[in-house]
Every structure is written in structure tokens, then in C-alpha cells.
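Report on one structure; see the data block that follows.
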Amino acid sequence: LDIASKCTTTQGCGLEGSTESEEKEEGATPLYDDLLALDLEEMTLQNTLGKANNPPNNKNNIQGFDLIVAADVLVYFGSISSLLATFAQLSLPGATLVFSCERATEEEAPLGWRLLSSGRFAHTKKHALDAGFDAGWRLVEYKEIVPRMERGEEVQGHLFTFVLNEKHGDEL
């Protein structure tokens, strides 16, 4: 998907020392404008869009994100409740959130998530929905997917698309 070329600003988030691959195809659109070395749960409007401290990253005076995409990212978190709440705080009312995660059943994961032998977490559909609804998101699409192959086997996953409730901005 060529999402980056359609965005006003794109921000990546990763661990200290993370960098975009040095081998870029000539003429390819970069995946993001800036890679922030911080934990996703530490994100704020101040440290992502840099309205006061780093105006060049916010040339268009953006007040929040209208799209957040997290593909194969939430597998590194147990409960995703606080993360989806953080995404809501960073987003404009009506924003879209698209994310994938590995799939677990209620029987496999009574807490809503479980740690797999791969070191990744799998989440139940109920946990993801509850976390989204509690943070002010409204589900607009859900699909069971295969996000990747691992050791020649299909990984079972979910793909969620939420929209932030319009009145969310009034509560801030």
C-alpha cells in the first residue's frame, strides 16, 4: 500500500537506535518523515507532531492525526487498552485507526491476550473491541486475516478498522 504518499506528515515510532533500512529503492517514497525513538505508550501530541519544540515537523499546524496504522505492531503488547486510549488522545475526532494483531480465542486467553512461544502476544476479538470502545473508537470493519507466515505456517490474525467518535474532541 502506498499510504505515505497520500499523507501530509507521517511519523514512525520505534525503539532507541531503530532506523529505516539504509537500502532504499531509488525514487521510492519514504515510509515516514520522521522516526521517533520512543515507546508507543509515551506518545503525546507534543512529542509526535512537535507543535512547539519542532515546527519543521508540523509545517501545516496539524492538531492531531487523522489516520493511525499499526500493522504487526500490537503483537508486542499484552493489554492494548492504554495504547488505544493513547491513539485516541493523539487523534482528531473522526480519525481512522487500522491495526492488526494475532488472534486468540477466549478459551486460550481469558484475560483477552496471551504470550505466545514466539515472544509475541495474541489478542481476542473481544479484548480489542472492548479496548477500542472504551477509548472512544467505533468499529467500522473487522476481518480475520493471515498477517504473515512464520516457519512456513500461517499466523492467524485480526484486522480492525475503527473511527474515533466525533464527540471525542469535545471531551478534551
Evaluate Leu129 against Leu139 for side chain to side chain contact (heavy atoms under 4.5 Å, CB included), listing each step before the verdict.
CA-CA 8 Å; Leu129 292 175; Leu139 183 70; 3.6 Å; yes
Before giving the answer on side chain to side chain contact (heavy atoms under 4.5 Å, CB included), spell out for Met149 and Glu154 the whole-Å C-alpha distance, their side-chain angles and the decisive distance to 0.1 Å.
CA-CA 5 Å; Met149 300 292 286; Glu154 292 183 344; 3.6 Å; yes
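Thr105 is linked by a side-chain contact (heavy atoms from CB on, under 4.5 Å) to Glu107, Glu108, counting only residues two or more places apart in sequence or in another chain. Partners of Thr124 according to the side-chain contact (heavy atoms from CB on, under 4.5 Å) rule, which considers only residues two or more places apart in sequence or in another chain, are Ala104, Glu106, Ala109, Lys126, His127. A search for side-chain contact (heavy atoms from CB on, under 4.5 Å) contacts involving Glu150 returns Ser118, Arg120, Arg148, Val155, not counting sequence neighbours. Remark: Leu115 engages Phe121 in a side-chain contact (heavy atoms from CB on, under 4.5 Å) (not counting sequence neighbours). Under the side chain to side chain donor-acceptor pair (under 3.5 Å) criterion, Asp134 pairs with no residue at all, not counting sequence neighbours. Residues forming a side chain to side chain donor-acceptor pair (under 3.5 Å) with His158 (at least two apart in sequence, or on another chain): Tyr142.
Residue pairs meeting the salt bridge (charged side-chain N to carboxylate O under 4.0 Å, His left out) criterion with at least one partner in residues 75-90, sequence neighbours excluded, do not occur; the list is empty. Applying the salt bridge (charged side-chain N to carboxylate O under 4.0 Å, His left out) test to every pair with at least one member in residues 75-96, sequence neighbours left out, gives no pairs at all. Sorted pairs that involve residues 85-96 and meet salt bridge (charged side-chain N to carboxylate O under 4.0 Å, His left out), not counting sequence neighbours, are lacking altogether. Applying the salt bridge (charged side-chain N to carboxylate O under 4.0 Å, His left out) rule to pairs touching residues 79-93 yields nothing, sequence neighbours excluded.
Residues Leu92 and Val140 fall into different hydrophobic clusters, defined by Ile, Leu, Val, Met, Phe, Trp and Tyr side chains chained together at heavy-atom separations under 4.5 Å. In the hydrophobic clustering of this structure, Ile68 groups with Ile80; members are Ile, Leu, Val, Met, Phe, Trp, Tyr whose side-chain heavy atoms approach within less than 4.5 Å, directly or through other members. Using a 4.5 Å cut-off between side-chain heavy atoms of Ile, Leu, Val, Met, Phe, Trp and Tyr, with links allowed through other members, Leu116 and Val75 fall into different hydrophobic clusters. Placement of Trp113 and Phe99 in two distinct hydrophobic clusters is found when ILVMFWY residues are connected by side-chain heavy-atom separations under 4.5 Å, directly or transitively. Leu83 is not connected to Val163 by any chain of hydrophobic side-chain contacts under 4.5 Å among Ile, Leu, Val, Met, Phe, Trp and Tyr, and they are in different clusters.
For the pair Phe65/Phe87, no side-chain contact is recorded, criterion being any heavy-atom separation below 4.5 Å from C-beta on. Under the 4.5 Å side-chain criterion, counting only non-hydrogen atoms from C-beta, Gln156 is not in contact with Glu102. Taking 4.5 Å as the limit, every side-chain heavy atom of Ser100 sits out of range of all side-chain heavy atoms of Leu74. Annotation: side chain of Val98 is in contact with side chain of Thr96 (closest heavy-atom distance under 4.5 Å). Counting heavy atoms from C-beta on, the side chains of Lys125 and Phe160 come closer than 4.5 Å.
Remark: the backbone N or O of Phe77 is paired with a side-chain donor or acceptor of His123 at under 3.5 angstrom. Without hydrogens or angle criteria, Asn165 side chain to Gly136 main chain gives a donor-acceptor distance under 3.5 Å.
Going from atom CG of Leu159 over to atom CD1 of Ile145 covers 4.5 Å, rounded to the nearest 0.5 Å. Interatomic distance, CG of Leu164 versus CG of Leu97, reported as 9.0 Å (0.5 Å rounding). Distance check: Asp130 CG to Ser81 OG gives 8.0 Å after rounding to the nearest 0.5 Å.
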